[in-house]
Amino acid sequence: MSRVFNFSAGPAMLPEEVLKQAASEMTDWRGSGMSVMEMSHRGKEFVSIAEKAEADLREIMKIPVNYKVLFLQGGATSQFAMVPMNLLKGKKTADYINTGQWSKKAISEAKRYCNVNVVVTSEANNFTTIPPQSEWKLNPDAAYMHYTPNETIGGVEFHYIPEVGNVPLVADMSSTILSRPLDVSKYGLIYAGAQKNIGPAGLTIVIIREDLIGETIPGTPLMFSYKTHADNGSMYNTPPTYAWYIAGLVFELIKRKGGLEAMAAINKRKADKLYAAIDKSDFYKNPVDKKCRSWMNVPFILKNPGLDKNFIEETKKAGLVALKGHRSVGGMRASIYNAMPEEGVDALIAFMQEFEKKYA
Ligand SMILES: *Cc1c(COP(=O)(O)O)cnc(C)c1O
């Protein structure tokens with residue numbers, strides 16, 4: 001059975017090298033006589049796996065020493081609550097940018113804890129653009145400023161880091177972390193669910209500047225306090241050990257392949273050629289403003305939506321799967337994270353051209 005090119009938005013494709021290595025170590029991890037799944041999280045084998053994963057992530061992302069890296073559960077969605085619970089620090093207002101469905105979810109959760117100042121919203125444009133910084137209404141007294149660097153559903157991405165002065169900048173990087181080099185020092189907190197561009201579902205990475213850790217709103221459960229996890233090396237309770245191990249294999253692979261500079265070059269090339277193929281045909285269309293098109297999630301619609309079903313059926317037969325667009329957008333969406341080989345994008349483009357010839 002050969003593997004398909006899986007364009008799912010998440011859980012998404014993982015590198016074949018990583019899956020093969022995990023398979024070869026499945027029943028006996030390096031002479032331990034057990035699977036990583038069966039190990040005590042406090043035993044020396046798993047501790048070595050955990051420490052190596054963190055060290056490799058710190059190296060590839062160049063994470064400064066005054067940041068903690070946490071390996072948590074609960075998904076990015078739990079972070080929608082943990083961020084206000086931990087970062088309000090007595091303040092009553094936080095800034096949020098609204099560029100799509102994930103921003104909206106983060107905002108509605110934050111409203112349970114504080115006043116949300118929506119700095120800017122692109123909802124009137126159906127979330128197809130990012131309004132320029134000159135139109136933003138930042139509050140210099142906000143507890144923090146939250147944004148979604150890559151909107152996984154709309155396919156809208158910031159290709160710059162917002163300027164927010166001294167207000168801590170918080171980013172939901174679930175679908176863009178590790179896609180390119182990043183200046184972590186510009187951020188107060190970065191979080192990402194693993195199942196898009198890191199590893200299996202069940203693991204959530206939080207990178208947080210140390211001075212932001214400590215104070216929580218009254219009633220915050222210990223599990224929702226960053227301090228609990230920071231003080232215990234993410235082992236206050238049982239962490240998602242297997243997902244942590246797989247993430248570590250992915251970090252190692254990125255290192256071997258030339259780090260985030262190498263990822264960025266491949267990702268840009270993959271995205272550029274797919275957008276070029278969409279733009280040069282009037283059979284397909286991507287609605288997103290060119291300067292904020294995502295490198296990771298490429299939504300596109302067929303001029304004739306009556307052909308959507310044919311497109312999905314025929315791509316599937318060609319080994320190109322999970323291209324159906326999100327229910328809120330319709331059409332198609334190709335998610336092309338780090339693990340999607342360039343040949344997968346080439347195969348999709350070739351298919352799209354054949355499909356157009358057949359039905360145009
Ligand atoms: C997938 C996704 C989420 C939700 O992640 P869960 O891990 O399912 O909670 C949040 N934000 C963004 C940007 C996402 O892509």
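In listed order, ligands and their atoms are each counted from 1. Values below: every heavy atom of this structure, side chains too, minus hydrogens, waters and symmetry copies.
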Not counting sequence neighbours, which residues clear side-chain contact (heavy atoms from CB on, under 4.5 Å) with Ala318? List them please. Leu320, Phe351
Short N or O contacts of ligand 1 with protein, under 3.5 Å, listed by atom name?
unit_1	atom_1	unit_2	atom_2	d
ligand 1	7 (O)	Ala76	N	3.2
ligand 1	7 (O)	Gln195	NE2	2.9
ligand 1	8 (O)	Gln195	NE2	3.4
ligand 1	9 (O)	Ala76	N	3.2
ligand 1	9 (O)	Thr77	N	2.9
ligand 1	9 (O)	Thr77	OG1	2.5
ligand 1	11 (N)	Asp172	OD2	2.6
ligand 1	15 (O)	Thr152	OG1	2.4
ligand 1	15 (O)	Lys196	NZ	2.6

NZ/NE/NH1/NH2 to OD/OE distance under 4.0 Å, Glu16 and Lys20: yes
Could Glu210 and Lys68 be called an ion pair, given the rule that one side-chain N must be under 4.0 Å from one carboxylate O? yes
Donor-acceptor contacts, no H, no angles, side chain residues 255-264, under 3.5 Å, sequence neighbours left out:
unit_1	atom_1	unit_2	atom_2	d
Lys255	NZ	Asp56	OD1	2.8
Lys255	NZ	Glu59	OE1	3.3
Lys257	NZ	Glu17	OE2	3.1

Give every donor-acceptor pair under 3.5 Å between a side-chain atom in residues 328-337 and any protein atom, sequence neighbours left out.
unit_1	atom_1	unit_2	atom_2	d
Ser328	OG	His326	ND1	2.8
Arg333	NH1	Thr152	O	2.7
Ser335	OG	Asn297	ND2	2.9
Tyr337	OH	Ala9	O	2.7
Tyr337	OH	Asn297	ND2	3.0

Side-chain heavy-atom pair Val69, Tyr67 within 4.5 angstrom cut-off: no
